[in-house]
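A short write-up of the structure that comes next.
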Amino acid sequence: MPRSEIELPYRVEYLSILDEKGHVDTALEPDIPDVLLLKLHKEMLAGRRFDERMLNLQRQERIGTFPPIKGQEASQLGAVANLKASDWMVPAFREALAEFWRGKPKENFILFYGGYEEGGAVEEGRNDLPVSIPVGSQMLHAVGIGMAIKYRRQPDVVMTFFGDGATSEGDFHEALNFAGVFQSPVVFICQNNQWAISVPRSKQTHAKTIAQKALAHGLPGIQVDGNDILAVYAATREAVERARSGGGPTLIESFTYRLSLHTTADDPKKYRSEEEVKEWAKKDPIPRFQTYLKNKGLLSDEEIGQLETEIAEEVQGVVDRAEKRMQEEVDPLGMFDHTFAELPPSLIQQRQEMEHELSLMQEEASHD
Amino acid sequence: MPRSEIELPYRVEYLSILDEKGHVDTALEPDIPDVLLLKLHKEMLAGRRFDERMLNLQRQERIGTFPPIKGQEASQLGAVANLKASDWMVPAFREALAEFWRGKPKENFILFYGGYEEGGAVEEGRNDLPVSIPVGSQMLHAVGIGMAIKYRRQPDVVMTFFGDGATSEGDFHEALNFAGVFQSPVVFICQNNQWAISVPRSKQTHAKTIAQKALAHGLPGIQVDGNDILAVYAATREAVERARSGGGPTLIESFTYRLSLHTTADDPKKYRSEEEVKEWAKKDPIPRFQTYLKNKGLLSDEEIGQLETEIAEEVQGVVDRAEKRMQEEVDPLGMFDHTFAELPPSLIQQRQEMEHELSLMQEEASHD
Amino acid sequence: MTKMTMVEALNLAMRQEMEKDDRVVVLGEDVGVDGGVFRVTDALIKTFGEERVVDTPLAESGIIGTAIGMAVYGLRPVCEIQFSGFSYYIFHQLEAHATRLRHRSQGRFHVPLVVRAPYGGGVRALEHHSESREAYYAHTPGVKMVIPSGPRNARALLVSAIRDPDPVVFFEPKALYRAFREEVPDEEETLPLGQPRIAREGEDVTIIAYGAMMALVMEAAEELQEKHGIAAEVIDLLTISPLEDDMIADSVKKTGRAVVVHEAPRSFGPGAEIVSRIIEKSFYYLEAPVKRITGYDIVYPLSAREKYYMPDAGKIIRAVQETLKA
Amino acid sequence: MTKMTMVEALNLAMRQEMEKDDRVVVLGEDVGVDGGVFRVTDALIKTFGEERVVDTPLAESGIIGTAIGMAVYGLRPVCEIQFSGFSYYIFHQLEAHATRLRHRSQGRFHVPLVVRAPYGGGVRALEHHSESREAYYAHTPGVKMVIPSGPRNARALLVSAIRDPDPVVFFEPKALYRAFREEVPDEEETLPLGQPRIAREGEDVTIIAYGAMMALVMEAAEELQEKHGIAAEVIDLLTISPLEDDMIADSVKKTGRAVVVHEAPRSFGPGAEIVSRIIEKSFYYLEAPVKRITGYDIVYPLSAREKYYMPDAGKIIRAVQETLKA
Ligand SMILES: Cc1ncc(C[n+]2csc(CCOP(=O)(O)OP(=O)(O)O)c2C)c(N)n1
Ligand SMILES: Cc1ncc(C[n+]2csc(CCOP(=O)(O)OP(=O)(O)O)c2C)c(N)n1
Ligand SMILES: [Mg+2]
Ligand SMILES: [Mg+2]
């Protein structure tokens with residue numbers, strides 16, 4: 001008849017390996033092959049440059065509004081680099097770089113934010129769901145995919161991304177809870193970038209960390225320095241291995257920062273200070289990773305320079321190809337595609353109506 | 001650059017004071033005035049007998065389906081006894097006894113489950129929301145009431161009840177999270193009665209306890225023996241005092257058991273063993289509380305006998321009054337009341353339509 | 001052929017599809033050990049085990065959200081929502097994802113899931129247990145809304161819904177769950193989604209209904225014939241959306257008069273669409289305004305008053321008579 | 001009088017009500033420091049502080065659920081849902097509680113809350129940011145569904161919505177947020193909920209619309225008059241539900257012809273109810289079938305195709321011409 005503490009199976013840990021200055025904790029350093037390290041670096045840099053270019057395009061009104069990823073490159077790549085092609089990935093909307101890593105053509109990004117559904121297409125063989133905009137809703141899909149994987153006795157895992165804001169949505173908890181109950185092989189990656197539009201993490205929840213939310217559902221949760229690609233990689237590897245070997249789901253809080261705008265429709269000056277952004281700019285994931293690679297003798301300033309040129313050319317190629325595709329005539333009737341496997345009579349009729357309207361519009365235009 | 005544990009402000013405790021045999025841990029024994037102890041005992045007993053009688057009425061088809069509370073008497077009264085009249089209470093659907101304690105006329109229970117909206121009426125001055133059937137949805141209302149109380153600088157608190165099943169709904173987490181962020185003066189009482197219809201607690205969540213779900217939102221959580229009215233009372237008192245003094249919300253998991261049916265439409269034999277029920281019957285909250293009161297010299301077997309007679313008469317009176325009211329003609333048009341403050345034209349028209357229909361029905365009936 | 005209740009017929013549909021196709025899984029609250037609160041999934045867990053008949057935590061959005069993932073992966077989840085009155089918890093998942101993933105992924109993925117839920121009144125139930133809000137789903141692009149009216153078509157339609165490559169919301173008229181039995185063939189039977197049926201032929205007036213209302217409408221039609229010599233043609237929609245309206249148009253062109261019956265609230269309800277389709281396709285044949293016999297625009301009442309809320313044969317007969325007089 | 005955009009007018013409505021009545025509080029995502037993603041709540045937090053202008057966690061059900069509690073307690077919460085496309089997250093709270101607590105408590109409690117949400121297309125937005133699904137709310141008993149069409153009526157209607165003792169869903173046509181300015185009186189102005197207005201008088205045909213469609217309809221009406229000599233009477237619903245239909249009936253009795261315009265998907269959409277009401281009240285005056293010019297029953301397209309999805313003046317003009325020829 002006591003008042004006694006209940007022992008819980010999990011404690012919440014924090015993991016950091018490569019600090020802001022590029023110092024590495026060698027005891028914790030993950031064993032990543034050099035080629036992979038270099039590939040990660042190239043993709044991080046390419047992601048940053050692509051993002052910058054998109055901002056440019058948007059400002060010139062050549063594409064519509066989009067969510068920049070600046071600052072979150074390590075947080076995405078460190079995680080997704082642990083997946084095999086047969087694994088699944090369920091993103092929110094700020095994981096462009098993770099999607100590119102998985103094989104999404106960069107042109108499609110431009111098409112999508114240029115207003116073309118075609119940019120949302122998921123190529124055969126890439127096991128990723130498309131971008132999900134309703135916050136917090138997509139993690140359940142990952143859990144369901146994991147349940148199906150288990151049912152089919154497949155060795156695959158599912159990784160799902162979401163923001164700190166998303167952890168306030170009920171669906172986030174339903175997802176963690178279902179994952180726990182059914183031991184679905186899911187790795188939940190919360191990119192805690194400190195802001196949900198104008199709402200800071202501290203107003204999003206009274207909890208000290210996002211990671212501890214795992215405890216509510218009997219899952220392991222860990223917080224990692226999300227600007228430290230080694231820490232993200234190491235923690236995710238552990239989680240992926242656990243999931244793959246039947247050990248169930250994990251919640252990883254990747255502690256990072258959105259250095260740029262929420263979307264191009266946003267003005268962060270309304271809600272956060274320049275100083276805060278400057279402080280976080282010092283924690284930029286790219287320079288510290290470059291220092292690490294240089295210290296390892298894998299990379300030189302010269303090589304970085306060459307890479308930059310290469311990337312600039314690649315980005316230009318992508319933009320050119322995408323704009324060419326966007327200049328081609330769009331088929332308005334395409335909007336009826338993919339509503340159902342087969343168009344039912346009422347939609348066939350509506351489609352015909354639209355065809356008729358289009359011909360009238362053309363007629364009128366030719367009269368003008 | 002460590003892998004280190006993050007210290008969380010709360011640990012999850014378990015509290016039990018009065019055990020199955022009626023032994024009391026005097027170090028933890030709450031200081032409850034004798035009159036209150038006796039009142040609690042009387043209401044517990046009255047609740048049990050009323051419940052039994054309702055099952056009877058339902059089996060005779062004198063009322064419709066309803067959710068019995070047998071076994072959860074301590075869990076409800078131990079909590080609600082800590083409220084003042086000016087405090088608020090937001091129940092789910094299995095808190096009849098808590099509602100009666102707060103002043104709901106027992107007749108209304110019969111009316112409500114007899115199919116009369118009138119039974120849902122909340123009397124002026126009783127600050128309780130009516131029964132809420134959609135699982136998990138009502139806790140947010142409690143949080144909002146608490147926010148309004150805070151805004152109005154009132155010294156009141158809100159108590160809300162829900163089941164173990166309800167903790168799987170996203171709204172439960174949204175409620176805890178809002179309560180944490182806004183430090184709403186709410187006491188969350190989860191009556192973990194081990195079952196959500198046919199689904200056992202173990203399949204509801206992978207978490208070891210419900211109480212630990214508080215950690216996700218940075219709140220204190222505690223598990224208490226819900227069949228031990230002293231423990232429920234003590235833990236709730238602590239939580240109510242914390243809320244009242246600006247210390248914010250608390251989650252209390254009251255570990256109890258539904259000894260009876262989910263509702264009268266349910267057949268528990270389909271999903272749980274007689275042994276389990278028998279084991280839990282031994283933990284019945286009433287006998288142990290009677291032992292405690294007897295040991296304290298506050299109650300005798302004779303007095304219990306007298307009480308039983310008194311209660312039987314009271315229950316009979318309630319049933320008689322309710323059935324009398326139900327035999328009175330129901331005004332069908334009453335269904336239009338309380339849709340809006342004022343009926344809009346389209347509803348006035350529909351109401352007239354119904355009036356017309358009713359007159360035709362009467363005419364037809366008189367022709368037969 | 002066996003005489004079955006609708007509950008048994010629905011159970012048969014799932015059982016046979018599960019036997020045939022290991023992609024079919026059932027999930028929901030209490031669908032496993034308990035066999036569903038109405039016993040529609042009775043004993044499936046015994047045959048197919050916990051992996052295919054999944055008792056979920058109590059979270060509707062969780063059920064549909066995970067089912068979407070399963071469907072995308074290639075399974076065919078059949079979800080039970082315990083009462084349609086709790087289906088609003090899934091609304092955002094259904095609207096934002098189940099109905100759109102085919103479109104969003106440009107055809108790479110599709111979401112072949114079924115949401116089964118008992119709907120409708122007349123069973124003296126508690127609050128939220130009697131609603132009829134099929135219009136919400138019918139107005140949502142990308143999902144089919146199906147409502148059977150008897151054991152045999154319930155079974156055939158559910159099989160088609162399970163096989164359909166896109167999401168289907170399947171509302172079961174709980175008032176008919178055990179109201180009557182019908183011969184249901186042992187061998188496989190399907191009915192195409194999107195196709196209404198003529199439940200009764202007639203020349204004087206067209207009555208359009210579906211679900212539990214069909215029983216009342218047929219009763220009314222009999223009485224209209226016998227007592228008043230009025231021959232009503234009755235159309236049973238079966239699929240509410242996408243609504244196929246040619247059969248309605250043809251009938252109204254013949255009869256010149258129509259009455260629509262549903263238990264859902266009137267305003268912005270399914271009847272409004274049917275009226276509009278009649279106007280669009282057979283306005284010039286109409287000799288009287290189309291009448292709507294429906295529930296009222298109020299909270300569905302508890303049992304003491306529900307009989308006054310619900311359409312009944314008397315109301316339908318009077319409406320037909322008025323329509324013929326008009 | 002000041003010339004204001006709709007955004008400014010809505011802001012004024014909230015500001016003045018908050019000054020007058022300390023029961024009025026504003027809550028939602030980014031409504032405080034940021035002033036709302038469309039700046040509708042701009043600077044309210046500066047005047048009224050964090051307690052009355054509440055930046056909530058990112059959880060729509062949480063916003064409405066807590067607002068229900070506040071309203072029951074006696075406050076008048078004005079909630080912002082960032083886009084109507086995310087309002088489905090609140091559907092269960094709205095349907096099960098906001099609209100029913102008055103009834104359930106038999107009049108003891110009522111729920112005077114407002115749900116504001118920008119709705120509709122035409123602004124080149126991302127997926128889920130252009131929908132028009134007012135029909136879901138219009139079909140739900142116990143809630144009023146209001147949609148303004150210009151700065152001045154937006155302000156007057158929002159004040160009425162805030163003062164209304166029952167829940168109001170208030171959809172703001174985001175395409176009109178900054179599309180034009182109107183004189184808005186400095187002093188208080190209200191418009192009764194449930195009352196449409198005649199936006200233009202005419203004898204030849206009745207066009208019924210609301211929200212962002214009003215601008216197109218007025219443009220079409222001008223052109224119909226000028227180029228084709230057709231005098232269209234235009235009715236602006238303002239309140240979608242409860243729908244007051246006398247004005248529509250009177251107009252159709254005069255014109256004998258009607259066209260309904262909305263951007264929502266056609267089937268089971270608001271237009272269907274309007275057609276049905278016209279049939280019920282003015283069938284015998286109708287000389288042609290009522291036409292519906294609407295969005296299609298598909299996922300709202302991204303910006304490259306949206307102009308083909310949306311009704312426009314040309315479509316409206318052609319529909320009117322066909323109706324007059326019929
Ligand atoms: C359900 C829902 N509500 C609101 C929005 C509008 N919205 C888009 S992103 C966003 C903030 C998301 O914050 P977070 O989850 O932290 O992700 P981040 O943007 O920081 O990557 C909001 C409120 C939305 N897309 N979905
Ligand atoms: C949202 C919702 N889903 C399903 C139901 C049907 N239902 C009623 S009670 C219940 C189980 C509730 O379990 P719990 O929360 O543990 O409360 P208890 O019944 O044990 O008191 C279910 C599934 C409901 N009322 N609401
Ligand atoms: Mg964020
Ligand atoms: Mg329970």
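Only a predicted model underlies this, so the values are computations on that prediction, with no experimental measurement involved. Letters A, B, ... mirror the listed sequences (proteins, then strands); counts begin at 1.
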Take the angle between the ring planes of [X] and [Y] and call it parallel below 30°, perpendicular above 60°, tilted in between.
{"X": "C/Tyr88", "Y": "C/Tyr136", "result": "perpendicular"}
{"X": "A/Phe178", "Y": "A/Phe182", "result": "tilted"}
{"X": "C/Tyr137", "Y": "C/Phe171", "result": "perpendicular"}

Most contacts with chain C, counted as non-hydrogen pairs under 4.5 angstrom, among [options]:
{"options": "A/Ala179, A/Ser184, A/Ala175, A/Ser137", "value": "A/Ser137"}
{"options": "A/Ala148, A/Gly119, A/Ser132", "value": "A/Ala148"}
{"options": "A/Glu123, A/Met147, A/Arg152", "value": "A/Arg152"}
{"options": "A/Asp171, A/Val181, A/Thr339", "value": "A/Asp171"}
{"options": "A/His173, A/Gln138, A/Lys150, A/Arg126", "value": "A/Arg126"}

Name the region of [X], side chain, backbone, both or neither, that has any atom closer than 4.5 Å to a heavy atom of chain A.
{"X": "C/Ala67", "answer": "neither"}
{"X": "C/Pro57", "answer": "both"}
{"X": "C/Asp164", "answer": "neither"}
{"X": "C/Leu75", "answer": "side chain"}
{"X": "C/Arg277", "answer": "side chain"}
{"X": "C/Ile63", "answer": "both"}
{"X": "C/Ser241", "answer": "neither"}
{"X": "C/His97", "answer": "side chain"}
{"X": "C/Val143", "answer": "backbone"}

* Is any side-chain heavy atom of C/Leu158 less than 4.5 Å from a side-chain heavy atom of C/Val114? ->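 They are in contact (side-chain heavy atoms under 4.5 Å apart), so the answer is yes.
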With a 4.5 angstrom heavy-atom cut-off, could you sort out which part of [X] is near chain C: side chain, backbone, both or neither?
{"X": "A/Val131", "value": "backbone"}
{"X": "A/Leu347", "value": "neither"}
{"X": "A/Ile149", "value": "both"}
{"X": "A/Met335", "value": "backbone"}
{"X": "A/Asp128", "value": "backbone"}

* Do A/Thr250 and A/Arg242 have side-chain atoms, one donor and one acceptor, less than 3.5 Å apart? ->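 There is such a pair between these side chains.
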* Asked: Will you find, in the side chains of C/Gln93 and C/Glu60, an N or O donor that is under 3.5 Å from an N or O acceptor?
  ->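 Note: C/Gln93 and C/Glu60 side chains miss the donor-acceptor criterion.
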Ionic contact status for [Y] with [X], cut-off 4.0 Å:
{"X": "C/Glu17", "Y": "C/Arg76", "answer": "no"}
{"X": "A/Glu95", "Y": "A/Arg102", "answer": "no"}
{"X": "C/Arg163", "Y": "C/Asp21", "answer": "no"}
{"X": "C/Arg52", "Y": "C/Asp22", "answer": "no"}

* Return yes if some donor-acceptor pair links the side-chain N/O of A/Ser168 with the main-chain N/O of A/Gln204 below 3.5 Å, else return no. =>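 Between the backbone of A/Gln204 and the side chain of A/Ser168 there is a qualifying donor-acceptor contact (under 3.5 Å).
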* **Audit row: C/Arg108, A/His338, side-chain hydrogen bond (donor to acceptor under 3.5 Å, both in side chains) steps and yes/no** => CA-CA 9 Å; C/Arg108 165 69 192 285; A/His338 310 304; over 6 Å; no
* Asked: Would a line drawn from the ring center of A/Phe66 to the ring center of A/Phe109 be shorter than 6.0 Å?
  ->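 Centroid distance A/Phe66-A/Phe109: below 6.0 Å, so yes.
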* Any idea which of C/Pro165, C/Gly142, C/Gly194 has the most non-hydrogen atom pairs under 4.5 angstrom with chain A? ->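 Between C/Pro165, C/Gly142, C/Gly194, the count favours C/Gly142.
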* Go through C/Arg104, C/Lys144, C/His92, C/Glu244 and name the one with the most non-hydrogen pairs under 4.5 angstrom from chain A. =>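 If we count pairs closer than 4.5 Å to chain A, C/Arg104 comes out on top.
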